[in-house]
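These notes are about the structure you will find just below.
These values consider heavy atoms only, across backbone and side chains, with no hydrogens, waters or symmetry-generated copies. Just so it is clear: chains get the letters A, B, ... in the order the sequence lines come, proteins before strands, and each one is counted from 1.
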Amino acid sequence: MIKSEKTICQRMKQIIEESESNIKMLFKMPCIYARTSVLFELSANTAELNELCSQLIENENRQVQPTQSNITIEQLSQFTGKNGNPAYVAVNGIVYDVTNNAAWAAATHFGLTAGKDLTDEFASCHAGHSILDKLKVVGKLI
Amino acid sequence: MIEKNPGICPMLNASSGTAKNLIEKIKSEIMRNSLVKRDLIWLELTGCSGNIISLLNGSNPDFKFLITNMVNLIYNNSLMAAEGEAALDALVNKTGSDYILAVEGAISTKNNGLYNIIGRWKGEPLTALKAVQLLGDRASHVIAVGACATHGGVSAARPNPAECVSVQSILKRKVIKLPGCPCHPDWFLGTLAHILLYGEPELDDRDRHLLFYSMLIHDRCPRRSYFDNGVFATRLGEKTCMFKLGCRGPVTRIDCPVRQWNSYVNWPIRDDTPCIGCAMFGFPDSMEPFISYDTTRKR
């Protein structure tokens, strides 16, 4: 689900407030176990902030998308991650760059290769997961 | 440990020593005579028997400790002294009593399992398929050891002429899965120790023992900083990140970077070999190509 910029910023502010309060607590907390627990909370907060930042960047990418190229399936087939070309894959009509994505070593992923429309394969393994938000959008599949 | 290495997270330190702690606990329970030895059946089915060889290489504890102090090893195709029908007697006679079943190798299903016959019982061939059906339902716990038993592995790789499947495909019950090609001795011994001490261990959503299978290789890879900074090896032998050569560490959930192999001395990435994802479901077909040179290094 794509969240609006306002929703993301509100959540970010909330996390920052929580974190500031946790940091104040840490200064006064004598018990190391409680401190560890608070540190874990802080760590979760920074992870969520990171995630929210990625979503903001993703939103930005989506906004500039119309100016980016529309990509045909033939053009997509060139982006295999071989011969110096980046590795692109398409899911639900959007083309993503997976060149440096950790799960796409050597531009392959669980027997799949880049340069293809992998909508069905994505749905069969990652339905309901928000992993696409973390990928760079490069265009629209036409 | 924490004082000596203030930069190392104590939680991760503790997790890498958990299997050892379990074995220490087993030893102390044995000393107090409060641990009951259980019977263990180890079936070698359609595979290379690499998992029993790996287990024989165990050092903490070693195989001798396993069979003298932890379990009565009732049956193993390679190691038992009895042979022929006498060996199968030991196997078939166990079906009425309490035992833990470990299975390595996949189950060949073509022609009703006739592609893998493990012995003859009263003149009839005993197939791998029949052995698992016979023993699987009645075991207190079933542990699938290695890639072939957990998901088909190499035995079920394309074109899979013997129509091999995993143990879980045959049994309608909980099967603890320890994928790996082969399974590390600690993964099996730690799981067995947990069963003996506390019963079924905590498993993930694919029935892997969380004690060993909770981290990605990528999470603890000593070459991770190279990945994060985009410094990639262009050929084998370079000491940087092997992601562009096809390393499967980022999708493989297991603790090799902290446990290491052959009595904890080395592991593939430290020896300049990319991870081939042998402990991940789908190996080997889904993890190929194991090495790739024609890639894109710059955006």
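- If you measure heavy-atom distances from F283(B) to chain A, you find no contacts under 4.5 Å at all.
- Put simply, the side chain of T46(B) gets close to the backbone of A106(B): a donor and an acceptor are under 3.5 Å apart.
- Every residue two or more places apart in sequence or in another chain that forms a side-chain contact (heavy atoms from CB on, under 4.5 Å) with E41(A) is listed here: N22(A).
- Looking at A107(A), neither its backbone nor its side chain comes within 4.5 Å of chain B, counting heavy atoms on both sides.
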Which side-chain N or O atoms in residues 267-275 of chain B pair as donor and acceptor under 3.5 Å with protein atoms at least two apart or in another chain?
unit_1  : atom_1 : unit_2  : atom_2 : d
R270(B) : NH1    : Q260(B) : OE1    : 3.1
R270(B) : NH1    : V265(B) : O      : 3.0
D272(B) : OD1    : R223(B) : NH2    : 2.6
D272(B) : OD1    : K239(B) : NZ     : 3.3
D272(B) : OD2    : K239(B) : NZ     : 2.8

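- Contact annotation for M242(B): neither backbone nor side-chain heavy atoms come within less than 4.5 Å of a heavy atom of chain A.
- Heavy-atom distances place the side chain of F227(B), and not its backbone, under 4.5 Å from chain A.
- Residue F110(A) places its CZ atom among more than 12 non-hydrogen atoms of other residues, nucleotides or ligands, all under 6.0 Å distant.
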